[in-house]
Structure formats: C-alpha cells, structure tokens
Chemist: 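The structure under discussion is supplied below as structure tokens; questions concerning it will follow.
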Amino acid sequence: MQSYEQSLQQTREFLLEHDDYLVVSHVQPDGDAVSSTLAVGWLLSCLGKKYSMLNEGPIPKRMEYLWHADEIINLSASEQARKYSNVICVDCADFQRVGQTQRYFADDALIVNIDHHPTNNGYGLVNLIKPDAAATAEILFDLLKVFGIEWDIHIATAIYTGLLTDTGGFRYANTSPKVMAAVSELLVLGVKGPELAETLLEEMTLAQVKVLNRALNTLQLSPEGDIAWVHVTPQDMLDCDAANEDLEGIVNYPRNIRGVEVGILFKVIHEQAVKVSLRSAGKVDVAALAQTFGGGGHTRAAGARIEATLEQVIPLVLEEVKRHL
C-alpha cells in the first residue's frame, strides 16, 4: 500500500496529465464539500485545465462568498449536457454519496477520490485518502503545496472554510496541531477568521430558529438518559420555510445534554425514507453504527439513509445504538 506522500504525487501527476474534468462532492454539500470543490476548481484553473463543478443539491447561502461558488451547478435545478471521462470526487465517503451526478460520468471514467472519511473504500483509480485528516480541505492544503503554486486570498479562504466547519470552529477532537499550523499560515495570507466564524457558525436565519424549535419539541431520551433524539418532518420544513442547510447543527442539541452518549436527528425525507444523523460523545463509533444501515462517516459524526417510515426507523436505530453502547 502506498504512502500518503506517494498518493499526493500520484494525484499531482494525474491532474497534470489529463484535462476536461468534472468535479463533484456529496449530495447536499456542507462547508468542507463546497470549499473542497472550489479548491480543486481553483487549482485546475491555475493549471490551465478545463473543468466543470457539479453537485446534487444547492450550495448553502452562507457560503456564496467563496471564489466562484456560483459556478457549482446544482443538478437538482439544472441538467448537464454531456458526460465526462475524468472525474474528481471530493469529500465523498463512498461512491453512492455522489448521488445523481454519476449520470454524467462516462462508462470508462477515470476517478480521482480525495477524502478523509475512515469508511471510504477507495473507489477511485487514484485514491488520495487520509482518515486522520480533520477535513478534505486539509488534504487539499497538502496537495496544493505539492504543486508549488502561489496562494491567494481566495484559495486561503476556501481551505480555511473547510477546516473551520469540519472542526466545529476548532473545538472538535480532530483539531490537531497540523490543523492549527495550517490555520496560522492561512491567517497570515489575510483570511478574516472572526468574520468567517460569525458567518458560518454564529448567524442563524429565522427559518433555522423556527425549525430548531419544532425539532426540540420532539426531544426524547432513553430511560438510561444516554441516548437523545429529535425528528423533523417535511411539514415542519414547509411550515418554517426551511432548507436543508437550516438543519445544520440541530443534532448537536440532543448530543450536548449532560449524560448523553449519542444524539440523533431523524429527518423524514418522505413517507418511506428517513435520513439519520448521529453524533457521539466518544464511547460509540457512530461510523461503524451508520455502516450497519449502509451509511458512513466519522467516529463521532456519521449518518445514513434508511428506506422505511419514521415509526419503523426510530426503534431500529435505537436498538442498534444500545447494542453499540
């Protein structure tokens, strides 16, 4: 098995040798997915390569400040015209996480898989995976260094955004000395750290507050007090005029209750499908738990989609959590 440094060099060679790329990340992209997509786009533009950026789901409005964010095509609102032979997947824990964008991969597409999820199964021809990286943006920080391209404020802000969001404002256990060293470099380049923290972590829309209120009204705890969960329905989303991005962070509320080991958000997609978001205090590997249901993620933050009703999903997931506890 090749080393991380060898994977960096292999990725560099691939990007230099080929052209006309499609860059995608996971469905309903978060901060790391968006910033990683744009960081790859920035790199390809510096290399004089042709590329398109595509996603299933909109870019969160709070991230529209990022370099060329408006150029990421939302597949949910716009169809693509052709297929691509060279594809770069960022922040996708498994191939299915690319969603419907795979319709635009040529049958013989060459895939570069850049990711930091421990559950990634190496589905690319080139796999640049570092499970102990705090974010895919951290891996791209290393990759950009390999090219020796001069950085500007745009790429520095994109990388900082990915690091900031995936470390929870540098509060989570994945905030390593390497992350902080990278952050120091980015701040020297002029990144406005406090402003980004305010925009990405502090500000809330009215819709966010409303849907949070709805979710907290459903709060339940296990008899032992070590599992807490909430749920949100399509009607809640409609009543609150909320978008998917407005659900970000809600799962932390049940998780943050003293004594709770696993917090869960059940988001009803439709009558026969529920998205499950899991957060762990440390005792439970929720990535392994999520894999039981075909999902994945990190030791302390993971998720899965289960094709069943909410009434069926809740006891199913709770039983599995209890088994892991």
Side-chain angles (χ1 to χ4, degrees), residues 3-5 7-8 11-12 23 25-26 29-46 59-69 72 88 90-93 114-118 120 128-204 245 248-249 252 256 279 282 297-301:
S3 67
Y4 178 59
E5 287 69 26
S7 295
L8 286 168
T11 305
R12 177 182 181 276
V23 186
S25 65
H26 59 74
D30 57 9
D32 191 27
V34 174
S35 59
S36 296
T37 299
L38 296 173
V40 171
W42 184 91
L43 172 60
L44 293 174
S45 70
C46 290
I59 300 306
K61 286 184 169 55
R62 65 182 64 196
M63 291 168 194
E64 290 176 347
Y65 64 85
L66 287 167
W67 176 89
H68 290 204
I72 300 180
I88 303 172
V90 294
D91 204 39
C92 293
I114 306 175
D115 185 41
H116 72 125
H117 293 91
N120 193 296
L128 179 55
I129 302 169
K130 194 170 189 290
D132 62 346
T136 299
E138 181 184 332
I139 300 172
L140 290 170
F141 178 89
D142 295 337
L143 181 63
L144 289 161
K145 294 277 189 177
V146 171
F147 281 91
I149 297 171
E150 185 175 352
W151 289 44
D152 62 20
I153 189 61
H154 301 298
I155 187 61
T157 299
I159 297 295
Y160 189 97
T161 296
L163 293 174
L164 178 73
T165 53
D166 253 29
T167 59
F170 312 116
R171 294 180 296 115
Y172 298 160
N174 59 353
T175 307
S176 65
K178 185 175 182 294
V179 166
M180 299 313 290
V183 164
S184 179
E185 285 190 43
L186 299 173
L187 291 172
V188 169
L189 287 169
V191 171
K192 295 179 171 59
E195 290 182 17
L196 292 179
E198 177 68 22
T199 299
L200 297 169
L201 304 177
E202 301 296 335
E203 287 181 357
M204 295 181 72
E245 64 184 277
E248 192 171 330
N252 293 322
N256 288 344
R279 296 293 182 272
H298 300 284
T299 304
R300 294 197 176 195

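This chain uses plain numbering: 1 for the first residue, then up along the sequence. Keep in mind that what you see is a predicted model, and the values were worked out from it rather than measured.
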Chemist: So, Glu245 side chain and Lys61 main chain: donor-acceptor pair closer than 3.5 Å or not?
Modeler: yes
Chemist: I would like to know whether Asp166 and Tyr172 meet side chain to side chain donor-acceptor pair (under 3.5 Å); could you show each step before the answer?
Modeler: CA-CA 8 Å; Asp166 253 29; Tyr172 298 160; over 6 Å; no
Chemist: Is the shortest side-chain heavy-atom distance between Pro60 and Val34 below 4.5 Å?
Modeler: yes
Chemist: Could you grab the distance from atom CG of Asn174 to atom CZ of Arg300, nearest 0.5 Å is fine?
Modeler: 9.5 Å
Chemist: Quick check for you: to the nearest 0.5 Å, what is the distance between Ile114 atom CD1 and Asp91 atom CG?
Modeler: 10.5 Å
Chemist: Taking NZ in Lys192 as the centre, count heavy atoms belonging to other residues, nucleotides or ligands within less than 6.0 Å. Is the count above 12?
Modeler: no
Chemist: Give the minimum heavy-atom separation between Leu140 and Ala39, together with the two atoms involved.
Modeler: CD1-CB, 4.0 Å
Chemist: Nearest 0.5 Å, please: how far is OG1 in Thr161 from CG in Leu66?
Modeler: 4.5 Å
Chemist: Under 3.5 Å, is there a donor-acceptor pair between the side chain of Thr199 and the main chain of Leu196?
Modeler: no
Chemist: Can you label the angle between the His298 ring and the His116 ring as parallel, tilted or perpendicular, going by 30° and 60°?
Modeler: tilted
Chemist: Please report whether the ring centroid of Tyr160 lies less than 6.0 Å from that of Phe170.
Modeler: yes
Chemist: Any side-chain to backbone donor/acceptor pair from Ser35 onto Asp32? Under 3.5 Å, distance only.
Modeler: yes
Chemist: Within the distance-only criterion (no hydrogens, no angle test), does the side chain of Asp152 pair as donor or acceptor with the backbone N or O of Ile155 below 3.5 angstrom?
Modeler: yes
Chemist: Ignoring hydrogens and angles, tell me if any N or O in the side chain of Glu138 forms a donor-acceptor pair with the backbone of Ala134 under 3.5 Å.
Modeler: yes
